[in-house]
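Have a look at the structure below before the remarks.
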There are 2 protein chains.
Amino acid sequence: MQEPTFLILTALATRPLHGYGIIQAVGELSDSEVRLRPGTLYGALDRLAEQGLIEVEREEAVDGRLRRYYRLTDGGAAVLTREVERLRRRAATAEAQLRDRGGIIPGLGRIAPTTP
Amino acid sequence: MQEPTFLILTALATRPLHGYGIIQAVGELSDSEVRLRPGTLYGALDRLAEQGLIEVEREEAVDGRLRRYYRLTDGGAAVLTREVERLRRRAATAEAQLRDRGGIIPGLGRIAPTTP
DNA sequence: CGGTATATATCGTCAACCGAACTATCTGGT
DNA sequence: ACCAGATAGTTCGGTTGACGATATATACCG
């Protein structure tokens, strides 16, 4: 799962949102690091709905404009939870490897100290 | 950055490795969850070298077969470090959102405003 | 009256990953 | 002696998902 998809699920975790609301929520959740584009969003929305991770909660007509609200399904929440654990494991593994940067020589121990 | 790329950099963090060694290391680092394919690896290797995140350390001819060892550059280590922090932040954000699933906190009521 | 914000849809493109096939050598088992 | 399997690298074609751009439409503010 890529970052935009992950953030869409994250945004929908607390409450149902419509497309534009998701774009804003993702911006806030990522400290404005990720700006979701419409092309990314609506493609992802269709895909995630097809996979059953999200579903249309309701469709509202506000001033003649359609607002389609999406909700995270239980299945989607489960997938997101697993993904969170996955990210944590990856981060921990990489950090451990980075701490060993410089490497060791068997029998001699570390030659390059872990530079703080 | 996607998972295979992330794991390649992770594998190279401790010591230089040749292509096949990277495939094995990624398998171990991911608890056999990720099996890197040659097509993924060699494409990523070229790309990462072009970006300066890794570099060819040396080329060894063992029994007539070439072994090309790649090393993580300082720039690559910096990028990987930033990526680790990014993953942690994403994981923390998603977890916080998931905790709010349903949105009601007993005794306090809803913290975040409802759907606009 | 024009710019910004709200809101959704669609198009073509590109990067990255994936599976598979191919070559080649060394090692271990039968 | 032979074959399977591990080691090691290259290449190709296909698919997915993200991206940028564009289009449409209304509301609000200065």
Just the rounded figure in Å: distance from C1' of dT10(D) to NE2 of H18(B). 16 Å

Nearest whole angstrom, please: distance from the P of dA7(C) to the CG of L17(A). 11 Å

Could you go through residues 91-98 of chain B and list every donor-acceptor pair under 3.5 Å that involves a side-chain atom there, pairing it with any protein atom two or more places apart or in another chain?
from: T93(B); atom 1: OG1; to: R89(B); atom 2: O; distance (Å): 2.8
from: E95(B); atom 1: OE1; to: R88(A); atom 2: NH2; distance (Å): 2.6
from: E95(B); atom 1: OE2; to: R88(A); atom 2: NH2; distance (Å): 3.2
from: Q97(B); atom 1: NE2; to: T10(A); atom 2: O; distance (Å): 3.0
from: Q97(B); atom 1: NE2; to: T14(A); atom 2: OG1; distance (Å): 3.4

Could you check how far CD1 of I22(A) sits from P of dA7(C), rounded to whole Å? 12 Å

In whole Å, I'd like the distance from the OH atom of Y20(A) to the P atom of dA5(C). 7 Å

In whole angstrom, give the distance that lies between atom CZ of R67(B) and atom P of dT10(D). 14 Å

Which of residues 39-48 of chain B have a heavy atom under 4.0 Å from DNA chain D? G39(B), Y42(B)

Using a 4.0 Å heavy-atom cut-off across all strands, classify Q24(B) as base, sugar-phosphate, or nothing. sugar-phosphate

In a check of side chain to side chain contact (heavy atoms under 4.5 Å, CB included) between H18(A) and each of R68(A), R58(A), R67(A), which one passes? R67(A)

Listed once per pair and sorted, the salt bridge (Lys or Arg N to Asp or Glu O under 4.0 Å) pairs that draw on residues 40-50 of chain B, sequence neighbours left out: none

Separation of R37(B) atom CZ from dT15(D) atom P, in whole Å? 17 Å

Taking ring pair (Phe, Tyr, Trp, His ring centres under 6.0 Å) as the definition, give me every residue that meets it alongside F6(A), ordered by chain and number, with sequence neighbours left out. none

According to salt bridge (Lys or Arg N to Asp or Glu O under 4.0 Å), does anything in residues 69-80 of chain B pair up with another residue at least two apart or in another chain? List the pairs. R101(A)-D74(B), E55(B)-R71(B)

Just compare dA18(D), dT8(C), dA20(C) and give me whichever is closest to any side-chain atom of P38(B). dA20(C)

Which residues pass the side-chain contact (heavy atoms from CB on, under 4.5 Å) test with R37(B), sequence neighbours left out? R35(B), T40(B)

Just one of I54(B), T73(B), L53(B) clears the side chain to side chain contact (heavy atoms under 4.5 Å, CB included) bar with L12(B), so which one? I54(B)

May I have the distance from R35(A) (atom CZ) to dG20(D) (atom P), rounded to whole angstrom? 8 Å

Ignoring backbone atoms, test whether T5(B) places a side-chain nitrogen or oxygen under 4.0 Å from the OP1 or OP2 oxygen of dA16(C). no

Just the rounded figure in Å: distance from C1' of dA18(D) to CE of M1(B). 16 Å

